[in-house]
Amino acid sequence: FRERFEQEAEVGAGIEHPGVVRYVTLIEDRDTVALVMGYVPGKDLDELLDAFREPEKLLGLLDQLAETLDHLHGLDEPVVHRDIKPSNIRVTPEGKAVILDFGIARTGVSSMTRTGMGMGTPDFMAPEQELDAKRVDGRADVYALGVIAFQLLTGKLPWPEDLSWSAMINAKAAGGLDLAGAGDTEAVFRQVLAPKPEDRFTNASAFVAALRHHRGAMNVLEASPPPPPDKAPRVRRGPVLAVGLVGLLLLTLVTVAAGVVILDYRAESQSDPHVFVSPVLGKLRWVPPGTFQMGSPLDEVGRDEDEVP
């Protein structure tokens, strides 16, 4: 992970473009390594999928992303992001799209990926990237942009949702797409999502131009209904980020300085000033410094001495 952090910092420092997050510096403190990046206000695109279902808004967003990708692919040392997906795209309140997270990016001269190793996020990976991520070029990012465009336009991915990972890989390689809802733009999506890179658009802007040519035929569909309560949605794994240890360190520092936080499933009232609700852990109780001892009964936690029965 340390080497990938260093590579990401090196790749990011060499990119100056308004559509790419700004990399400031890499800092080290003993065994801790952290990247400092420019702050980008707004929301990730995966929180705004329904906001771009209207064709003109969709095309405006795709124009920005295509221009940024073509810039990256056209550098003297081309940069292939290899993980273009909605959660790696930040949309500012003004509607500006910024690409984030170059942690697995490949430059023209550098890649830590072994030959024959797939890397990326399955839903958005091109077939060749799933087989050998080391050898991909910018057309893999164009493929991912095509998946995003289809998802934004139709509210679903361009293949059946119940496919396993291996079945999805086979479907992509065979061109087995489910393009229902694409209307007259189906031919455009078949080209951008072609199994072979040489059969796709040569760059991202060419894809968006072809899509814009069919502007009048682009369908706006209603958002897909949520799955029934008895059927949990399918979850696929994305790239693993090296943030766990950093988060644990920060949590330790906070609890040492401010007291102890204890998981309390018996906390009944959110009006209790010592109780707050975490979206991940549930109800938590804060214990002021000096009032908690290991082995104390839970009923005594957070109470003053005269309150203990």
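One is the number of the first residue; the rest follow in order along the sequence. Just so you know, these numbers use all the heavy atoms, side chains as well, and skip hydrogens, waters and symmetry mates.
- Using a cutoff of 4.0 Å between basic side-chain nitrogens and carboxylate oxygens, Arg135 and Glu130 are not scored as salt-bridged.
- The CG atom of Leu193 sits 11.0 Å away from atom CD of Glu186, with the distance rounded to the nearest 0.5 Å.
- For the salt bridge (Lys or Arg N to Asp or Glu O under 4.0 Å) with Glu128, the lone residue among Arg200, Lys172, Arg82, Lys134 that qualifies is Arg200.
- Atom CE in Met168 sits 8.5 Å away from atom CG in Leu157 (nearest 0.5 Å).
- In this structure, Ile99 and Leu69 have side chains that are in contact, with non-hydrogen atoms separated by less than 4.5 Å.
- A distance of 8.5 Å separates CG of Leu58 from CZ of Phe52, quoted to the nearest 0.5 Å.
- Between His71 and His17, the ring-plane angle classifies as tilted under the 30° and 60° cut-offs.
- Salt bridge annotation for Arg106-Asp137: absent, with no cationic side-chain nitrogen under 4.0 angstrom from a carboxylate oxygen.
- Taking 4.0 Å as the cut-off between side-chain N and carboxylate O, Asp83 and Lys85 count as a salt-bridged pair.
- Taking Ile, Leu, Val, Met, Phe, Trp and Tyr as members and joining any whose side-chain heavy atoms lie under 4.5 Å apart, directly or through other members, Tyr39 forms no hydrophobic cluster with any other residue.
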Let me have the donor-acceptor pairs involving side chains of residues 202-211, under 3.5 Å, with sequence neighbours excluded, atom names and distances please.
unit_1, atom_1, unit_2, atom_2, d
Asn203, OD1, Ser205, N, 3.2
Asn203, OD1, Ala206, N, 2.8
Ser205, OG, Asp70, OD2, 2.5

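- Arg90 contributes a side-chain N or O that, together with a main-chain N or O of Gly42, makes up a donor-acceptor pair within less than 3.5 Å.
- Distance check: His81 NE2 to Leu72 CG gives 8.0 Å after rounding to the nearest 0.5 Å.
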